[in-house]
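Quick caveat, the model's predicted, so the values are computed rather than measured. Both ligands and their constituent atoms are indexed starting at 1 by order of listing. Side chains included, hydrogens not; waters and symmetry mates left out as well; all remaining heavy atoms used.
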Amino acid sequence: MTNDKDKTEFWESSFIEKQEMWGFEPSNSAILTKDFFVEKSLKNILIPGIGYGRNAQVFRENGITVTGIEISKTAIEMAEKHYGSEMTIYHGSVTDMPFDQIKYDGIFCYALIHLLDGNERDKLIRDCYSQLSENGYMVFTVISKEAQTYGKGRFLSEDRYEIFDGVNMFFYDRTSIQAEFGQAGLFEITEITENFPFFLIKCKKNNHTT
Ligand SMILES: C[S@@+](CC[C@H](N)C(=O)[O-])C[C@H]1O[C@@H](n2cnc3c(N)ncnc32)[C@H](O)[C@@H]1O
């Protein structure tokens with residue numbers, strides 16, 4: 001998968017074919033992050049790669065306003081059907097961030113960044129960081145090198161493989177997380193199990209980071 005048009009088509013056809021493919025329950029990471037954001041009294045968050053909204057709902061039920069970014073028009077229509085049309089979801093690729101000039105007090109980005117190439121990952125981290133308000137938090141979940149799929153498929157570059165059907169994945173360990181998020185307020189890395197072993201990465205914006 002080489003460009004945004006291919007990515008759009010892949011996700012668009014996946015949602016058309018498989019519809020609500022992850023069910024309606026939020027992921028474990030979304031539940032933990034909701035608890036963390038509630039504890040920090042966050043009110044206004046951005047979810048890049050929001051899908052059809054299953055992870056958004058748990059934040060909204062707790063009084064948090066959610067804005068999304070999503071590459072698949074079909075997924076956005078599914079989110080509107082299930083959760084109403086009050087939630088703003090920008091249709092486009094995160095590689096074209098920012099979509100607005102709002103500063104968010106939280107960002108939750110689930111299972112998206114590992115689909116991007118090195119330059120795109122770097123830009124996403126920078127764009128998210130710059131859309132955070134002072135003292136805001138951003139939480140990313142990323143696939144781990146512990147996953148069974150690590151090393152399978154066509155080798156693209158270090159730790160990055162085409163795992164199936166043109167889906168490219170970068171597999172993280174603590175060293176690459178430090179390298180990519182270290183300049184973006186990284187303060188905690190935890191392991192978490194979803195359908196694959198993931199890392200939950202927490203960053204905080206403050207004056208000491210760029
Ligand atoms: C693996 S799924 C993440 C899981 C999903 N948020 C959920 O509810 O579990 C990746 C999501 O990001 C979207 N996506 C993939 N590439 C994207 C991009 N470049 N920009 C915006 N959204 C993207 C996909 O359409 C999909 O909804």
(request) Would you check if the distance from the ring center of F24 to the ring center of H82 is below 6.0 Å? (result)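 Ring centroids of F24 and H82 are less than 6.0 Å from each other.
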Which N/O atoms of ligand 1 sit under 3.5 Å from a protein N/O, and at what distances?
| unit_1 | atom_1 | unit_2 | atom_2 | d |
| --- | --- | --- | --- | --- |
| ligand 1 | 6 (N) | G49 | O | 2.9 |
| ligand 1 | 8 (O) | R54 | NE | 3.1 |
| ligand 1 | 9 (O) | R54 | NE | 3.0 |
| ligand 1 | 9 (O) | R54 | NH2 | 2.7 |
| ligand 1 | 19 (N) | S93 | OG | 3.1 |
| ligand 1 | 20 (N) | V94 | N | 2.9 |
| ligand 1 | 22 (N) | I71 | N | 3.3 |
| ligand 1 | 25 (O) | E70 | OE2 | 2.5 |
| ligand 1 | 27 (O) | E70 | OE1 | 2.8 |
| ligand 1 | 27 (O) | E70 | OE2 | 3.4 |

Cation-pi check for [Y] against [X]: NZ or CZ below 6.0 Å from the six-membered ring centre and within 45 degrees of the axis, yes or no?
| X | Y | answer |
| --- | --- | --- |
| K205 | Y129 | yes |
| K202 | F36 | yes |
| R154 | Y161 | no |

(request) Output yes when a side-chain donor or acceptor of E162 lies under 3.5 Å from a complementary backbone atom of L156, and no otherwise. (result)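 Not at all, since once roles are kept as given, no pair shorter than 3.5 Å links the two residues.
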(request) Carefully, step by step, assess D96 and S93 under the rule side-chain hydrogen bond (donor to acceptor under 3.5 Å, both in side chains). (result) CA-CA 6 Å; D96 294 324; S93 172; 5.1 Å; no
